[in-house]
Amino acid sequence: DDTVVYPIRDNGEIIDVVPDLTSLDSLDSHKVFDLIDFMCLVIETHGKTSIKTKKGDMNIKKIIVVDESEYKVDVTLWKHH
């Protein structure tokens, strides 16, 4: 509630970044370790689960995302305890 925003004039020092977005329906054409940018919408989330791995205990959370191609992908988010 105490936030104050001060507008500043754009002097051109900050450039626009336009990522080369990859469609989710083209993921199968990429190799392992390819770096890609994509934009998607999370349409479903599942609760956190704790699992044991060789590297120790991990928390995972599964989500389902979709993009404009209407291709849905299951994503697993990993985090150390």
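Values below: every heavy atom of this structure, side chains too, minus hydrogens, waters and symmetry copies.
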- Message: Could you measure the distance from the CD1 atom of I60 to the NZ atom of K79? Nearest 0.5 Å is fine.
- Response: 14.0 Å
- Task: Quick one: do D28 and Y71 satisfy side-chain contact (heavy atoms from CB on, under 4.5 Å)? Show the steps, please.
- Result: CA-CA 12 Å; D28 61 349; Y71 196 82; 5.7 Å; no
- Query: Is any side-chain heavy atom of I63 less than 4.5 Å from a side-chain heavy atom of T76?
  - Reply: no
- Test item: K72 and V65 side chains (from C-beta on) under 4.5 Å apart, heavy atoms: no
- Task: Taking all non-hydrogen atoms of both residues into account, name the closest pair between F38 and L24 and its distance.
- Result: CD1-CD2, 3.8 Å
- Item | Distance (rounded to the nearest 0.5 Å) between K62 NZ and L77 CG | 10.5 Å
- Query: Roughly how far, to the nearest 0.5 Å, is the CG atom of D57 from the NZ atom of K52?
  - Reply: 4.0 Å
- Would you say the side chain of L27 lies within less than 4.5 Å of the side chain of V73, judging by non-hydrogen atoms? yes
- Query: Got M39 and D67 here, is their nearest side-chain heavy-atom distance under 4.5 Å?
  - Reply: no
- Note on the structure: Closest non-hydrogen atoms of S26 and S29, given as atom of the first, atom of the second and distance, are O-OG, 2.7 Å
- Taken to the nearest 0.5 Å, the spacing of T49 OG1 from K61 NZ works out to 10.0 Å
- Query: Is there a donor-acceptor contact under 3.5 Å from the side chain of D37 to the main chain of P19?
  - Reply: no
- Message: Could you check whether any side-chain N or O of T53 sits under 3.5 Å from a backbone N or O of G56, counting only pairs where one atom can act as donor and the other as acceptor?
- Response: yes
- Message: Quick check on D16: does its CG atom have over 12 non-hydrogen neighbours (other residues, nucleotides or ligands) under 6.0 Å away?
- Response: no
